[in-house]
**Student:** 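Encoded as C-alpha cells, here's the structure I'll be asking about.
Side chains included, hydrogens not; waters and symmetry mates left out as well; all remaining heavy atoms used. Note that the structure is a prediction, hence the values are computed from the model and not measured.
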Amino acid sequence: MTLMKSSFLKILLAIMLMMPALLASARDEGDHISGDIQLRGLLGEKLKIEMQLNCNHTTSFFSNQGAECLDIEGSYAYQTQYKPIALKGRVCPANGTFFLKAMIDGSEKERFEGKWNPALKQLSGTWTLLQTNKTMPFSLTAVDGGYAPDQFTGFFKLIREQMQGEPDAEGASIADAQWMGKYGKISGFAPNWGGDVRFLSPTRFEYSTSYNSTARSSDYDQVYQLLQSNSGTYILFGYSSFNYDKMTAEESGSEDEASSYSYELSVYHLVDGEFKEMGAAAWPDAKVNHADSGTDGLTSSDVEVWSTGLRLPSGEKLTWAESKFVR
C-alpha cells in the first residue's frame with residue numbers, strides 16, 4: 001500500500017512539474033495578439049500605396065523598442081491596382097532603421113529603406129527601383145490611428161460572434177476575441193483540420209483552413225477588414241475557396257474538371273449593437289456580382305482585400321467610399 005502511494009505521489013509531482021510548460025504551450029499555440037500592421041501613405045508626391053507587414057503574434061509591431069533586429073514580411077499595393085507585391089526585410093528597433101525588398105518573380109526588384117518611428121507609427125525613407133536606380137521618397141502611417149476605439153471593439157465583436165458560432169465541419173473557431181487596451185487579442189484559435197492565423201492587426205483578421213481526405217481536398221482563405229468610416233462601424237468579410245475532388249479526377253482523367261473555385265464578399269454594419277449584412281446596398285448597384293464560382297482561371301487568392309478597396313477576380317477594382325463600394 002505504501003509503495004502504491006509513493007508511486008502515485010511521484011506521478012502526481014511529475015504532472016505538476018510539467019503543468020506550467022503544458023499550459024504555456026497551449027497558450028502560445030492558441031493566443032494571438034494584434035501585432036501585425038497595416039499602413040497607408042504616399043510614394044513620391046502622388047502615388048497612394050498600402051502596406052501590410054507581419055510581425056509575430058506575441059507583441060505589437062511598434063512595441064519592440066530596443067529589441068534585436070526582426071525579420072518581417074508582407075506586401076504592398078498601389079491603390080490604383082490593388083495587386084500585391086511581396087515584401088521581405090528586417091526592422092532594427094535599437095537604431096530605428098528598416099529595409100524591405102520588393103520581390104517579383106523570386107528576385108528583388110525594388111527596395112524600401114529608411115526610419116521606423118514607433119511613437120508616430122510611421123515608416124519613411126527612400127524607395128529605389130533597382131534596375132534604373134530611380135528613387136522616390138515615401139511615408140507610411142499605421143491605419144489604425146484613424147479609427148475610434150468603439151470601432152475596434154465592434155470589429156472584434158463581429159469576429160467573436162461569427163467564430164464562436166457553430167463552425168462547419170471544415171471551418172475554424174475561436175474561444176474569444178476581444179479588444180483590450182491598445183491591442184486586440186484572439187484566444188484559442190482552433191481550425192477543425194489544418195490552418196492558422198495569417199494576419200492579425202487592430203483592423204484586419206486573416207486566416208486559412210484546409211481539409212484533406214481520401215475523396216477530396218479543400219483550402220479556404222477568410223478575411224475580416226475594418227473599413228474607414230465617420231458614420232459607423234463597417235466590416236468587409238471575404239471568403240474564397242479551392243476544392244479538388246479526387247474521385248472526379250480519377251474518373252475523368254482531368255484535374256480541371258475536378259477543381260472548383262469560389263468566393264464571397266459581404267459588408268456588415270453595426271447598428272444598435274447588432275451587425276446587419278448590407279447586401280446590395282454595400283455595392284455600386286444590384287448587378288455587381290460579389291459572389292461567384294467557377295473554373296475560368298479563378299484561384300482562391302484572386303480576391304484582393306485592402307483597407308480602402310478591393311480587386312475582384314475579374315480585375316474590377318472597387319473603392320470604399322464611407323458606406324459603400326464604388327467603381
Side-chain angles (χ1 to χ4, degrees), residues 36-56 61-62 64 67-146 198-199 201 203-204 206 221 223 225 228 297-320 326-327:
D36 301 328
I37 198 73
Q38 287 185 291
L39 305 109
R40 286 198 298 260
L42 288 177
L43 175 57
E45 297 181 357
K46 298 180 179 179
L47 296 172
K48 294 181 180 180
I49 63 173
E50 292 193 37
M51 190 175 287
Q52 298 174 3
L53 295 176
N54 284 95
C55 187
N56 59 61
F61 183 87
F62 286 103
N64 289 296
E68 297 179 356
C69 294
L70 304 170
D71 292 330
I72 52 176
E73 61 182 15
S75 61
Y76 89 98
Y78 295 88
Q79 288 187 10
T80 54
Q81 299 177 330
Y82 293 123
K83 290 183 178 180
I85 300 171
L87 295 170
K88 286 187 176 182
R90 304 201 86 191
V91 60
C92 297
N95 60 10
T97 63
F98 78 94
F99 72 86
L100 291 164
K101 303 175 182 179
M103 309 299 291
I104 301 174
D105 295 329
S107 61
E108 182 183 0
K109 303 294 184 181
E110 311 166 16
R111 176 174 283 233
F112 292 87
E113 194 165 12
K115 301 295 286 185
W116 174 79
N117 189 322
L120 298 178
K121 289 191 173 183
Q122 287 183 343
L123 302 178
S124 60
T126 301
W127 169 89
T128 303
L129 181 62
L130 298 181
Q131 185 175 3
T132 62
N133 285 325
K134 177 183 178 181
T135 62
M136 285 192 291
F138 72 89
S139 179
L140 302 167
T141 303
V143 304
D144 56 81
R198 286 185 174 178
F199 196 95
S201 77
T203 55
R204 184 182 183 91
E206 184 177 352
D221 293 309
V223 59
Q225 175 66 57
Q228 192 82 58
L298 173 64
T299 67
S300 61
S301 62
D302 279 341
V303 181
E304 296 295 342
V305 174
W306 296 78
S307 69
T308 56
L310 56 90
R311 187 173 186 272
L312 300 176
S314 64
E316 182 179 15
K317 183 180 75 71
L318 302 177
T319 301
W320 176 250
V326 297
R327 287 189 175 91

**Student:** Report yes if the side chains of Cys92 and Trp116 come closer than 4.5 Å at any heavy-atom pair, otherwise no.
**Tutor:** no
**Student:** May I ask you to check whether over 12 heavy atoms, not counting those of Lys88, lie within 6.0 Å of atom NZ?
**Tutor:** no
**Student:** Could you tell me whether a side-chain N or O of Lys115 sits under 3.5 Å from a main-chain N or O of Asn95, the two making a donor and an acceptor?
**Tutor:** yes
**Student:** Side-chain contact, heavy-atom cut-off 4.5 Å: Ile49 with Phe112?
**Tutor:** yes
**Student:** Under a 4.5 Å cut-off applied to non-hydrogen side-chain atoms, are Leu39 and Tyr76 in contact?
**Tutor:** no
**Student:** For the residue pair Pro93 and Cys69, what are the closest heavy atoms and their distance?
**Tutor:** CD-CA, 4.4 Å
**Student:** Side-chain contact test, heavy atoms from C-beta onward, threshold under 4.5 Å: evaluate it for Met51 versus Gln38 and give yes or no.
**Tutor:** no
**Student:** Measure the OG-CG distance between Ser124 and Leu42 for me, rounded to the nearest 0.5 Å.
**Tutor:** 12.5 Å
**Student:** Are Asp36 and Cys55 side-chain neighbours, meaning at least one heavy-atom pair lies under 4.5 Å?
**Tutor:** yes
**Student:** Show me, pair by pair, the donor-acceptor contacts under 3.5 angstrom made by side chains of residues 308-315, not counting sequence neighbours?
**Tutor:**
residue : atom : partner : partner atom : Å
Thr308  : OG1  : Glu50   : OE2          : 2.3
Thr308  : OG1  : Tyr82   : OH           : 2.8
Ser314  : OG   : Glu316  : N            : 3.3

**Student:** Throw together a table of side-chain donor-acceptor distances under 3.5 angstrom for residues 128-143, partners on residues two or more places apart or in other chains.
**Tutor:**
residue : atom : partner : partner atom : Å
Thr132  : OG1  : Lys134  : N            : 3.3
Thr141  : OG1  : Gln122  : NE2          : 3.4

**Student:** Would you say Ile37 and Asp144 make side-chain contact, with heavy atoms under 4.5 Å?
**Tutor:** yes
**Student:** Kindly give the heavy-atom pair with the smallest separation between Glu108 and Glu110, and that separation in Å.
**Tutor:** CG-O, 3.5 Å
**Student:** Is there a donor-acceptor pair closer than 3.5 Å between any side-chain N or O of Asp71 and the backbone N or O of Arg90?
**Tutor:** no
**Student:** Can you sort out the partners of Glu206 under side chain to side chain contact (heavy atoms under 4.5 Å, CB included), two or more places apart, ordered by chain and number?
**Tutor:** Arg198, Phe199, Arg204, Val223
**Student:** With Ser307, which of Arg40, Gln52, Gln225 fulfils side-chain hydrogen bond (donor to acceptor under 3.5 Å, both in side chains)?
**Tutor:** Arg40
**Student:** For residues Leu123 and Val91, determine if any side-chain heavy atom of one lies less than 4.5 Å from a side-chain heavy atom of the other.
**Tutor:** no
**Student:** Verify, without hydrogens or angle tests, whether Trp320 (side chain) and Gln228 (backbone) share a donor-acceptor contact under 3.5 angstrom.
**Tutor:** yes
**Student:** So, for Leu87 and Ala102, which heavy atoms are closest and what is the spacing to 0.1 Å?
**Tutor:** CD2-CA, 3.8 Å
